[in-house]
Amino acid sequence: INALMGSKVAITSNTPQTTRHRFRAVKNLPGCQMVLVDTPGIHKPHDALGEELNRSASKALEDVDVIAYCLDAAAPFGSGDEYILDTIRFSPAKKLLVLTKVDLAVSEQCQQQQQAADSYLAFDGCIATSAMQHAAEYARLLCQRLSELLPEGPCWFPTDMTTDQPLEVLIAEFIREKILRSTFDEVPHAVGVQVDELQYDSAKRLHRLYAIIYVERESQKGIIIGKGGEHIKQIGTQARVDLEHLLGTRVFLDLRVKVRKDWRKDANQIRRFGYGEGA
């Protein structure tokens with residue numbers, strides 16, 4: 001999504017299930033406006049949060065015109081891929097097979113992946129991509145192919161709009177990204193971030209942000225804070241760079257960590273974070 005947009009609107013990390021919000025990014029091209037819908041990854045859920053994220057991803061299939069199914073070109077086609085294809089099989093939307101990570105695969109692997117996917121589901125086209133080599137050109141070609149599959153229709157969003165995510169959600173997600181990138185094991189999955197207060201001082205061109213990082217265990221709280229508060233200071237410093245770019249001003253960021261035991265099993269708390277369809 002970020003490559004297609006040419007700017008950062010979605011957080012990234014190596015942690016599975018990084019995406020928790022279904023949101024829209026608006027890409028304007030000459031004579032075309034594409035609304036890119038990014039969803040949580042469909043997976044086998046282990047708690048109420050996982051179930052809610054799956055519902056959110058499946059719900060997105062109801063009102064899209066094109067589904068871009070991403071398939072790792074360098075990894076064997078397996079049961080997980082079949083599960084996703086079964087999920088999208090009966091959608092009336094056109095379906096584009098997007099082979100990702102082609103920089104890690106030889107031509108024969110790409111052909112085998114395409115054949116495996118095509119044998120399972122009839123696609124309306126296939127395109128290769130890489131985020132590591134010639135990323136801008138791949139993104140341009142993908143945008144072009146997607147626009148060719150889209151039907152004619154109205155311009156749904158203002159041309160200066162990039163995403164429909166509320167500002168507070170973007171801020172919380174940018175903070176959560178820095179935690180995902182600097183913690184391991186169960187900690188990243190147990191983290192939720194909520195913006196408690198947002199103030200703007202026009203005279204100083206300064207945003208004051210107060211956010212709470214929620215975890216499920218006292219031990220996780222200690223990991224987030226770190227020895228002498230060093231880790232949470234590092235998280236704040238890294239997040240402030242993205243937030244100042246997002247807001248176009250200097251940022252004062254205050255982060256607190258609280259424990260909310262087993263919040264991922266609590267539907268009400270999940271919705272307070274803005275995750276899922278009931279948010």
Side-chain angles (χ1 to χ4, degrees), residues 1-4 10-25 34-133 135 138-139 141-143 145-146 148-150 180 186 188-189 264 270 275-277:
I1 293 292
N2 290 339
L4 293 175
I11 68 171
T12 61
S13 81
N14 291 327
T15 303
Q17 303 308 315
T18 291
T19 303
R20 288 179 177 172
H21 293 274
R22 175 163 63 95
F23 74 95
R24 298 171 183 86
M34 289 194 301
V35 182
L36 305 166
V37 183
D38 192 23
T39 73
I42 297 175
H43 63 291
K44 184 177 181 180
H46 299 289
D47 47 43
L49 175 61
E51 293 171 356
E52 194 68 47
L53 297 183
N54 272 358
R55 277 193 292 271
S56 179
S58 298
K59 186 76 173 175
L61 298 177
E62 297 178 4
D63 56 3
V64 296
D65 298 303
V66 179
I67 296 172
Y69 170 65
C70 298
L71 179 63
D72 189 337
F77 186 87
S79 59
D81 301 300
E82 294 176 354
Y83 177 75
I84 303 299
L85 291 176
D86 282 335
T87 301
I88 68 175
R89 178 184 300 277
F90 299 106
S91 169
K94 292 186 177 181
K95 301 170 185 68
L96 179 65
L97 175 62
V98 181
L99 293 177
T100 65
K101 303 181 184 179
V102 295
D103 55 291
L104 300 179
V106 297
S107 177
E108 183 179 336
Q109 285 178 293
C110 294
Q111 291 175 2
Q112 290 174 347
Q113 289 294 75
Q114 182 177 354
Q115 290 170 359
D118 281 337
S119 67
Y120 208 84
L121 184 67
F123 284 90
D124 297 285
C126 176
I127 190 168
T129 62
S130 169
M132 301 303 294
Q133 294 181 2
Y138 278 123
L141 293 172
L142 179 54
C143 280
R145 189 69 187 96
L146 289 170
E148 292 168 353
L149 292 172
L150 288 171
L180 295 180
E186 184 62 15
H189 298 286
R264 285 178 291 172
I270 290 168
Y275 304 144
E277 292 303 301

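FYI, the numbering just counts along the sequence from 1. Keep in mind it's a predicted model, so treat the numbers as computed, not measured.
Going from atom OG1 of Thr39 over to atom CZ of Arg24 covers 12.0 Å, rounded to the nearest 0.5 Å. For the atom pair CG (Leu146) and CD1 (Ile67), the distance works out to 12.0 Å, reported to the nearest 0.5 Å. The CG atom of Leu99 sits 12.0 Å away from atom OG of Ser130, with the distance rounded to the nearest 0.5 Å. For the atom pair CG of Leu142 and CD1 of Ile127, the computed distance is 5.0 Å after rounding to the nearest 0.5 Å. Rounding to the nearest 0.5 angstrom, the gap separating the CG atom in Leu85 from the CG atom in Leu71 is 8.0 Å. Thr19 OG1 to Ile11 CD1: the interatomic distance, rounded to the nearest 0.5 Å, is 6.5 Å.
Panel note: side chain Asp124, backbone Leu96; no donor-acceptor pair is recorded below 3.5 Å. Side-chain N or O atoms of Ser119 include one that pairs as donor or acceptor with a backbone N or O of Ala116 at under 3.5 Å. Side chain of Gln113 to backbone of Ala74: no donor-acceptor contact under 3.5 angstrom is found. Between the side chain of Asp81 and the main chain of Gly78, a donor-acceptor pair closer than 3.5 Å is present. No donor-acceptor pair closer than 3.5 Å links the side chain of Asp65 to the backbone N or O of Leu150. Side chain of Thr18 to main chain of Thr15: a donor-acceptor pair is present (N/O by atom type, distance under 3.5 Å, no hydrogens or angles). A side-chain donor-acceptor contact under 3.5 Å links Arg89 to the backbone of Tyr120.
Nearest heavy-atom pair across Phe23 and Ala10 is CZ-CB, 3.5 Å. For Arg145 against Gly125, the heavy-atom pair with the smallest separation is NH2-CA, 4.2 Å. Minimum interatomic distance between Ala25 and Ile1 (heavy atoms only, all atoms of both residues): CB-CG2, 4.1 Å. Scanning both residues, Asp118 and Phe123, for their nearest heavy atoms gives OD1-CD1, 3.5 Å. Across every non-hydrogen atom of Ala68 and Val98, the tightest pair is CB-CG2, 4.0 Å. Listed here is the closest heavy atom pair of Ala117 and Leu97: CB-CD2, 3.9 Å.
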Which side-chain N or O atoms in residues 105-112 pair as donor and acceptor under 3.5 Å with protein atoms at least two apart or in another chain?
| from | atom 1 | to | atom 2 | distance (Å) |
| --- | --- | --- | --- | --- |
| Glu108 | OE2 | Gln112 | NE2 | 3.3 |
| Gln109 | OE1 | Val106 | N | 2.9 |

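Between Val102 and Tyr138, some side-chain heavy-atom pair lies under the 4.5 Å cut-off. Within the 4.5 Å cutoff, the side chain of Arg20 has heavy atoms near those of the Leu49 side chain.
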Subject >> Audit row: Tyr69, Thr87, side-chain contact (heavy atoms from CB on, under 4.5 Å) steps and yes/no >> reply: CA-CA 11 Å; Tyr69 170 65; Thr87 301; over 6 Å; no
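Lys95 NZ: more than 12 foreign heavy atoms inside a 6.0 Å radius. Other residues, nucleotides and ligands contribute only 12 or fewer heavy atoms inside 6.0 Å of the CG atom of Asn14.
Salt-bridge formation is not detected for the pair Arg22/Glu62: no Lys NZ or Arg NE/NH1/NH2 atom is positioned less than 4.0 Å from an Asp or Glu carboxylate oxygen.
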